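Data first, discussion second: the structure below is written as structure tokens.
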Amino acid sequence: MKSTKSILQQKRAAYEPKLPAAISGSVKLVEGAATQSVADQEEIKKLFPNTYGLPELTFAAEAAPSAQSVKCDGTMNVGVILSGGQAPGGHNVISGLFDGLKKLNPDNRLYGFLMGPGGLVDHNYVELTKDIIDDYRNTGGFDIIGSGRTKLEKVDQFEKGLVILKELDIKALVIIGGDDSNTNAAVLAEYYKAHNAGVQVIGCPKTIDGDLKNELIETSFGFDTATKVYSEVIGNIQRDCNSAKKYWHFIKLMGRSASHIALECALQTQPNVCIVSEEVEAKAMTLNDIVNNIADIVANRAAAGLNFGTVLIPEGLIEFIPAMKALIAELNDLLAAHAEFASLDTEAQRAFVLKNLSKENAATFESLPAGVARQLTLDRDPHGNVQVSLIETEKLLSEMVGKRLAQMKEEGKYVGKFSALHHFFGYEGRCADPSNFDADYCYALGFNATLLIASGATGYMSSIRNLAKPSSEWQAGGIPITMMMNIERRHGELKPVIKKALVDLEGKPFKAFAEKRDLWARETCYVYPGPIQYFGPSEVCDRTSCTLYYEQC
Ligand code: FBP
């Protein structure tokens with residue numbers, strides 16, 4: 001059933017994403033040099049004998065079609081999967097894919113597998129026709145075909161998938177996902193190539209977390225829109241805070257391990273405190289160090305009569321505190337080795353953990369508030385990650401800051417009132433209608449994927465670069481996924497995975513923040529970014545993230 005559209009959605013449907021000049025007309029393929037993985041080269045090469053070392057690919061615009069032009073011989077059918085957490089712009093990747101395919105040959109077909117990789121294995125799919133695509137252009141969400149977190153890693157899954165791919169005469173599969181899903185795409189590409197299955201696999205870089213990036217993948221889609229949504233709401237909270245002058249707001253932000261989202265929101269809104277997990281780890285800070293820092297900022301502001309403020313907390317913080325990191329690593333292995341743990345009751349689970357952990361980690365576990373300790377033992381996601389969005393770090397920190405301030409009051413070091421409110425922003429931003437940046441970027445990623453398929457590429461990620469420039473100047477091509485891989489411990493085993501990009505403490509975005517943060521802590525320098533604008537002047541509507549701006553300008 002078609003959903004009722006808001007007036008904004010009706011008008012926004014007519015938006016035509018701006019395609020880079022490099023791929024809007026006739027294009028030819030330019031092959032770069034052979035590539036290597038970012039680390040563990042020998043191991044990765046052994047695991048991917050058919051797709052390791054591939055060259056980087058770039059598309060160059062041609063003045064007129066030539067013998068080298070990328071084209072489609074006959075017809076080609078393509079399958080698409082949305083994998084993992086939602087990110088604004090997924091529908092535009094699919095519409096770019098659809099338009100790219102139809103441009104190559106109007107008889108080409110696009111099939112969507114339903115509810116993530118599971119749809120491929122279980123043969124649940126739909127043909128995506130013009131009517132369906134037109135209904136979803138420039139909208140947020142993944143509801144066109146749904147998403148899921150099934151991990152594609154077993155041979156019988158690959159084989160079951162191949163049955164339906166052959167039945168539908170599908171030449172290539174496009175997997176739109178984060179680092180874990182693109183790792184799966186690389187494994188699948190290798191398997192199909194090794195078995196001469198005749199199916200190419202192409203990945204697209206999705207995740208609001210912003211941690212799927214490197215020199216050649218400048219950002220993942222969805223980060224821009226999600227951080228603009230969070231920054232709007234943080235700005236609103238700051239204005240409320242600056243009006244009432246009586247609350248400290250502890251705001252946890254989604255983003256898994258990396259602090260890109262928190263840092264970007266800090267650059268946009270200038271809060272009093274923003275914790276960057278990567279810095280916590282680099283400085284080997286303890287939980288008490290973090291708490292004491294915040295308490296000192298609260299006390300200093302109180303001394304100036306400012307009993308209010310905002311604290312941004314990345315959701316993955318807990319994993320970066322060295323003692324917690326060691327505890328989580330041991331817990332991961334322990335829980336992976338004891339499937340029976342899940343069937344124990346809460347008390348028995350706590351006793352089991354305390355009995356089986358090393359002395360040091362058991363002491364850390366015991367020192368945590370019971371609720372937080374329990375949250376650390378909850379089920380891992382299918383990729384072996386702790387579900388950090390379930391850990392209430394914002395409450396843990398504000399509770400500990402409150403206690404520290406009470407102590408400081410007794411010592412005569414703090415005079416003021418501390419009243420804390422808590423927020424968690426994550427799901428609010430994941431399905432927002434894409435900003436112009438994400439609408440254009442996603443459309444280009446999908447359109448570009450069809451060119452990679454027509455060029456015969458497999459095991460590549462669709463790559464659009466030069467993103468801080470106007471979209472007409474963006475560059476397009478493909479990056480071998482194995483190039484981004486290293487070996488990491490997951491579920492107690494060593495596995496090849498795409499290396500997560502954490503915040504670079506030597507990078508310009510962090511430095512820009514570090515230069516200003518003392519001022520922002522002391523004074524009230526809030527910025528109120530307001531809502532994403534879809535209509536209006538380009539400097540408002542086409543603005544990129546601060547992260548991209550600092551990285552590239
Ligand atoms: P992806 O890595 O799949 O893009 O997921 C992003 C994310 O939104 C994380 O920021 C968050 O920790 C997680 O998904 C939440 O997962 P779920 O949607 O399963 O609750």
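We count ligands from 1, going down the list as the structure has it; atoms in each ligand are counted the same way. Each residue takes its place number in the sequence, starting with 1. Here the structure is a predicted model, which means the values were calculated and not measured.
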For ligand 1, is there an N or O atom under 3.5 Å from any N or O atom of Met254?
no
Ion pair present between Asp333 and Arg489, side-chain N to carboxylate O less than 4.0 angstrom?
yes
Angle between ring planes, Phe223 versus His260, binned at 30° and 60°: parallel, tilted or perpendicular?
perpendicular
Suppose I only count heavy atoms of Tyr427 and a 4.0 Å limit; which atoms of ligand 1 are within that range?
15 (C), 17 (P), 18 (O), 20 (O)
Of the backbone atoms (N, CA, C, O) and the side-chain heavy atoms from C-beta on, which set of Thr207 has a member under 4.0 Å from an atom of ligand 1: side chain, backbone, both, or neither?
both
Contact atoms of ligand 1, heavy-atom distance to Gly84 under 4.0 Å
3 (O)
What atoms of ligand 1 come closer than 4.0 angstrom to any heavy atom of Arg256?
1 (P), 2 (O), 3 (O), 5 (O), 9 (C), 10 (O), 12 (O), 13 (C), 14 (O)
Check if Gly178 has a non-hydrogen atom at a distance under 4.0 Å from any atom of ligand 1.
no
Less than 4.0 Å is my threshold; does some heavy atom of Gly426 fall inside it relative to ligand 1?
no
Glu232: side chain to side chain contact (heavy atoms under 4.5 Å, CB included) partners, not counting sequence neighbours:
Asn236, Pro531
min-distance protein heavy atom vs atom 5 (O) of ligand 1 -> Arg149 NH2, 3.2 Å
Got a sec, which residues hit side chain to side chain contact (heavy atoms under 4.5 Å, CB included) with Asn214, two or more places apart in sequence or on another chain?
Leu216, Ile217, Met484
Look up atom CG in Leu253 and atom CD in Glu394, then write down how far apart they are to the nearest 0.5 Å.
10.0 Å
Heavy-atom distance to atom 9 (C) of ligand 1: which of Ile208, Asp209, Asp179 wins?
Asp209
Asp209/Lys500 ion pair, N-O < 4.0 Å
no
Can the ring centres of Tyr191 and Phe158 be said to be less than 6.0 Å apart?
yes
Heavy-atom gap Gln86 to ligand 1 smaller than 4.0 Å:
no
Please compare Glu315, Lys206, Arg430, Lys500 and report which has the shortest non-hydrogen distance to atom 7 (C) of ligand 1.
Arg430
Indicate yes or no: does Lys213 engage Glu551 in a salt bridge with an N to O separation below 4.0 Å.
yes
